[in-house]
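Below is one structure; the comments refer to it alone.
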Number of protein chains: 2
Amino acid sequence: MAGSTRDAIVDAATALLDEGGPAAVTLREVGRRAGVSHNAPYKHFADKETLLAAVAARELHAYAALLTTDSEGGIAAALTAYLNQALSHPARFRLVFGPWTSDDARLGDAADTARDALLDAVTASQRTGELPAGDPIALAELLRATSHGAIELALGGHLAKNGSTTTPADLVSRLLALLAP
Amino acid sequence: MAGSTRDAIVDAATALLDEGGPAAVTLREVGRRAGVSHNAPYKHFADKETLLAAVAARELHAYAALLTTDSEGGIAAALTAYLNQALSHPARFRLVFGPWTSDDARLGDAADTARDALLDAVTASQRTGELPAGDPIALAELLRATSHGAIELALGGHLAKNGSTTTPADLVSRLLALLAP
DNA sequence: ACCTGAACACCGTTCAAGT
DNA sequence: ACCTGAACACCGTTCAAGT
């Protein structure tokens with residue numbers, strides 16, 4: 001079972017992150033859950049940050065897969081899948097797009113894969129007329145910015161305040177309506 | 001000098017946050033810089049999180065002030081000021097809109113003040129015709145979501161990649177152009 | 001009311017040693 | 001090649017005591 005311990009470590013770290021945020025991810029508890037000693041992770045990852053980078057990379061690949069699968073339903077379906085994944089795994093979302101001191105190569109590659117998947121969904125939707133012509137990169141960046149901001153505001157409780165019942169999906173829908181040719 | 005020690009503590013925490021991110025804000029270093037012992041902060045704040053909440057509340061008031069002052073130049077000027085403040089103090093931005101386990105009352109009030117200031121800028125711009133009629137709250141939320149997402153992507157290095165030179169200001173400008181009546 | 005110094009529990013990381 | 005147990009430095013927090 002090559003990499004079985006490594007996988008168990010990443011699984012444990014992801015579960016702890018989901019349960020209690022970054023503060024709950026201690027190498028001691030990770031080791032305990034993975035059935036190894038508290039410093040066995042150092043045989044697989046340089047340090048805690050590199051372990052978290054592996055968790056983030058895995059999540060970025062999940063985003064890429066979602067965007068690819070659901071882009072057949074157009075950009076609206078792809079973005080809906082993106083929002084759902086982010087909102088149901090908030091700690092992972094914040095980890096992925098939070099501050100990274102070291103630039104792990106795997107993490108950068110995973111980020112590129114997710115970005116490319118969104119770009120493909122945008123160009124496909126331009127062909128079907130769901131989105132207007134023009135630079136697809138700029139279009140993808142605008143869609144992503146609004147989606148991320150909506151997610152962040154929702155996670156922080158800054159949305160749906162003072163009688164407002166706005167959801168991230170509402171904000172993205174409105175942007176798509178503005179963009180529609 | 002009532003509150004002088006307290007101010008020195010908040011100042012030191014803010015400076016450490018700017019210099020090295022949240023990890024650099026240790027109560028021991030805060031105390032050292034403020035000229036007090038490493039646990040004097042506990043006489044002014046319940047714990048580290050409450051101290052950081054004070055830093056965040058202060059920054060939120062700065063956002064509110066910027067939005068109020070520059071809203072005379074219309075929503076474009078107000079949002080430009082917002083982007084500039086966020087991009088020049090990235091760690092504070094992430095602290096303010098990051099995950100909060102406790103809901104400090106001061107922090108909630110400060111967030112409301114900033115949100116109201118943006119809302120005022122929006123309604124003013126609706127009067128001058130810079131923004132279309134319609135629910136100003138929904139409009140403010142859309143503008144804020146796009147601004148926040150653009151800031152987050154820029155801070156994470158996900159913008160201006162692969163030959164793209166997009167800035168947060170570009171994305172917000174594009175949204176404003178789409179919204180213009 | 002505000003502050004200090006010692007102490008405690010916990011965590012990331014390193015090291016010598018085992019298989 | 002992978003893992004363990006002891007050890008070190010550092011941090012948040014608490015406590016008894018001082019002014």
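Letters go in sequence order (proteins before strands), and every chain restarts at 1. This one's a predicted model, so the numbers in the text were calculated from it and none came from an experiment.
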Test: side chain to side chain donor-acceptor pair (under 3.5 Å). Region: residues 45-57 of chain B. Which pairs qualify, not counting sequence neighbours? Asp47(B)-Thr50(B), Glu49(B)-Thr101(B)
Determine which pairs satisfy side chain to side chain donor-acceptor pair (under 3.5 Å) with at least one residue from residues 145-156 of chain B, sequence neighbours left out, and list them in order. Thr146(A)-Thr146(B), His148(A)-Glu152(B), Glu152(A)-His148(B), Tyr82(B)-His148(B)
Sub-4.0 Å heavy-atom contacts from residues 23-34 of chain A onto DNA chain C, ordered by number: Val25(A), Thr26(A), Leu27(A), Arg28(A)
Within residues 128-138 of chain B or reaching into it, pairs that qualify as side chain to side chain donor-acceptor pair (under 3.5 Å) - sequence neighbours excluded: Ser125(B)-Glu130(B)
Side chain to side chain contact (heavy atoms under 4.5 Å, CB included) between Leu142(A) and Leu178(B): does it pass, once the steps are laid out? CA-CA 12 Å; Leu142(A) 179 60; Leu178(B) 286 170; 4.1 Å; yes
Among Val172(B), Leu143(B), Leu139(B), Thr80(B), whose side-chain contact (heavy atoms from CB on, under 4.5 Å) with Ile75(B) holds? Leu143(B)
Run the salt-bridge test on Asp112(B) and Arg115(B) with the 4.0 Å N-O cut-off and return the result as yes or no. yes
So, OP1 or OP2 of dC2(D): does either fall under 4.0 Å of a side-chain N or O from Thr5(A)? no
Using side-chain heavy atoms (C-beta onward) and a distance below 4.5 Å, is Leu79(B) in contact with Leu118(B)? yes
Is it the case that atom CZ in Arg58(A) sees more than 12 heavy atoms from other parts of the structure closer than 6.0 Å? yes
Show your working on side chain to side chain contact (heavy atoms under 4.5 Å, CB included) between Leu51(A) and Ile9(A) and close with a plain yes or no. CA-CA 8 Å; Leu51(A) 167 58; Ile9(A) 289 169; 3.8 Å; yes
Between P on dC11(D) and CG on Asp47(B), what's the gap in Å once rounded to a whole number? 17 Å
Distance below 4.0 Å between His44(A) side-chain N/O and dA1(D) OP1 or OP2: no
Most 5' of Ala40(B) and Lys48(A) on DNA chain C, judged by nearest nucleotide: Ala40(B)
Of the options Val96(A), Val10(A), Asp11(A), which is the one that meets Val55(A) in a side-chain contact (heavy atoms from CB on, under 4.5 Å)? Val10(A)
Output row for DNA chain D, stems defined as at least 3 consecutive Watson-Crick or G-U pairs under 3.5 Å, is C:4-8 with D:12-16, C:12-16 with D:4-8
Set of side chain to side chain contact (heavy atoms under 4.5 Å, CB included) partners for Asp116(A), sequence neighbours left out: none
What I'd like to find out is whether the side chain of Leu171(B) reaches to under 4.5 Å of the side chain of Thr166(B), using heavy atoms alone. yes
Could you check which residues of residues 13-21 of chain B get a heavy atom under 4.0 Å from DNA chain C? Sort them by number, please. none
Run the side chain to side chain contact (heavy atoms under 4.5 Å, CB included) test against Leu155(B) and tell me which residues pass, sequence neighbours left out. Leu87(B), Pro90(B), Phe93(B), Arg94(B), Ile151(B)
Identify all pairs in which a protein N or O lies below 3.5 Å from an N or O of nucleotides 14-19 of chain C, and state each distance.
{"unit_1": "dT14(C)", "atom_1": "O4", "unit_2": "Asn39(A)", "atom_2": "ND2", "d": "2.7"}

Write down the distance between CD1 (Ile9(B)) and P (dG12(D)), rounded to a whole number of angstrom. 14 Å
Stretch residues 49-56 of chain B: residues that reach within less than 4.0 Å of DNA chain C through a heavy atom: none
Pairs flagged by salt bridge (Lys or Arg N to Asp or Glu O under 4.0 Å) wherever residues 165-181 of chain A is involved - sequence neighbours left out: none
Show the atom names and distances, to 0.1 Å, of all donor-acceptor pairs under 3.5 Å that link a side chain in residues 21-29 of chain B to residues at least two apart or in another chain.
{"unit_1": "Thr26(B)", "atom_1": "OG1", "unit_2": "Glu29(B)", "atom_2": "N", "d": "3.1"}
{"unit_1": "Glu29(B)", "atom_1": "OE1", "unit_2": "Arg32(B)", "atom_2": "NH1", "d": "2.4"}
{"unit_1": "Glu29(B)", "atom_1": "OE2", "unit_2": "Arg33(B)", "atom_2": "NE", "d": "3.4"}

